[in-house]
Protein chains: 2
Amino acid sequence: MKKRKKHQTRPVAESDREFVLAAAAALFRERGYERTTVKEIAEACDMLPGSLHYRYPSKESLLVDLMRLALEQASSALARATVGVSDPVEQLRRGINAHLDLLVDGSDMVYVLLFEWRSLRGEARQEMIDLRDRYERLWAAMLQSLASQGIIRADVDLNLLRLFGLGGLNWVATWFDKKGRYSLEDIGNFVWQLIRDAVINQADR
Amino acid sequence: MKKRKKHQTRPVAESDREFVLAAAAALFRERGYERTTVKEIAEACDMLPGSLHYRYPSKESLLVDLMRLALEQASSALARATVGVSDPVEQLRRGINAHLDLLVDGSDMVYVLLFEWRSLRGEARQEMIDLRDRYERLWAAMLQSLASQGIIRADVDLNLLRLFGLGGLNWVATWFDKKGRYSLEDIGNFVWQLIRDAVINQADR
DNA sequence: GTCTATACTCTGATAGAC
DNA sequence: GTCTATCAGAGTATAGAC
């Protein structure tokens, strides 16, 4: 790979794969997968389409690999945010903030994983769904743990709570405006209070 | 326009415009805007690309017109669901169900309005954002009315409530499965109870 | 591993007869 | 208004030298 002139130099610890995928993710996020050409991706990496093809046999395979990395990022971000936090309610609060941060501000790949699923068909689509499910299972486990400790009211459907909650958080990426009236922290706090007031037992708040 | 053979006959009251846009919306929903060709749209209407071009000078202009119609559908569905309902809390409940129903089961156009916004650029994009804002304002008014009657707790940020709530509802369209364990009614009830428990004053539940 | 050059396909849009 | 025919451009992917 040639030295990159116009772009940030690549942190030495990062692999070539991550560099390429990060560049692609930024383009996919801004322009969408279909409207981004392989030529543009190659340019963003200071290489030519042929070199990109050496790494990935097709544009679609690049997207799939990008989504694999996105899952790793999301999972480890969630783990980092909650590890070592003993209070399970606080764990939930931090998880919400971590998800929001990563999606809106932290990782173009996670954004792409969540918003470009319609670009994949057949087998690749199924793999992407499996990736998402693995991330959702982390959330399911967290909620389940809260419920079995009696912190979440027993009559709350945990699946629907997870689906609706993450859905609302994901959608933030469609309207969030850095210069807008709400910071990510404002939004995280709001969601946290809403969930707390709706499903957490009084004694545990 | 030729008689349609393979497709449902068009209800006489519906305009030609609506027929074409409905066909396009179904394709856009299933395959996405970029992956749908004008040829496919024309075929779905039993015409040829040339005839479609007589109606819309470009593929993009068709999408914009589709979104205009989607806004009308969404607005009137919301109005229909809440008109004549005197209890404002019940209005909110019905609004939630109406939005869910329309998006997931009722109108491909509304789905397209919400999920294909990234396909538009520049001026067309701005018009689409304006269309969405007009729909959101209907919700804002409903929530504002509830708040000024003291039904929604005074400390709740109505903008964030609307954005997060509609976001969670919109996201349902990405995971809902007709054969799954949850019916639209289940989901509507869940969301309604969540919002109620979180922000509606005890006395008004 | 990277480059140059190109093959092949598909697409949106147009022109003009009827 | 609808048709036939076609264009110009873009896009992915490939081949093969270096």
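Note on naming: letters A, B, ... go to the chains in the order of the sequence lines (proteins, then strands), and numbering restarts at 1 for each one.
For the pair A/Arg35 CZ and D/dA10 P, the interatomic distance rounds to 17 Å; values are reported in whole Å. Going from atom CG of B/Leu48 over to atom C1' of C/dG12 covers 15 Å, rounded to whole Å. Residue B/Arg55 contributes atom CZ, which lies 17 Å from atom C1' of C/dG12 at whole-angstrom precision. Computed from coordinates, the A/Asp16 CG to C/dG1 P distance equals 8 Å when rounded to whole Å. A straight line from CD1 of A/Ile41 to P of D/dA10 spans 18 Å, rounded to a whole angstrom. Summarising the geometry, the separation between CD on B/Glu40 and P on C/dT11 is reported as 7 Å, rounded to the nearest angstrom.
The salt bridge (charged side-chain N to carboxylate O under 4.0 Å, His left out) search around B/Glu136 returns B/Arg162, not counting sequence neighbours. Listed by chain and number, the residues in a salt bridge (charged side-chain N to carboxylate O under 4.0 Å, His left out) with A/Asp108 are A/Arg29 (sequence neighbours excluded). In this view, A/Asp197 and B/Arg153 satisfy the side chain to side chain donor-acceptor pair (under 3.5 Å) rule, not counting sequence neighbours.
Legend: salt bridge (Lys or Arg N to Asp or Glu O under 4.0 Å) pairs involving residues 166-194 of chain A, not counting sequence neighbours, sorted by first then second residue: A/Asp105-A/Lys178.
Here CD1 of A/Ile200 is found 7.0 Å from CD1 of A/Ile151. Values are rounded to the nearest 0.5 Å.
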Enumerate, atom names and distances included, each donor-acceptor pair closer than 3.5 Å involving a side-chain atom of residues 164-176 of chain A, sequence neighbours excluded.
residue	atom	partner	partner atom	Å
A/Asn170	OD1	A/His99	NE2	2.7
A/Asn170	ND2	A/Leu166	O	3.3
A/Trp171	NE1	A/Thr174	OG1	3.2
A/Thr174	OG1	A/Trp171	O	2.7

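For B/Tyr54, taking side-chain heavy atoms from C-beta onward, the closest of the listed nucleotides D/dC3, C/dT4, D/dG1 is D/dG1.
Proximity of A/Ser51 to the phosphate of C/dC3: a side-chain N or O atom is located under 4.0 Å from OP1 or OP2.
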Just by protein heavy atoms under 4.0 Å, how would nucleotides 12-18 of chain D read 5' to 3' in B, S and -? SSB----
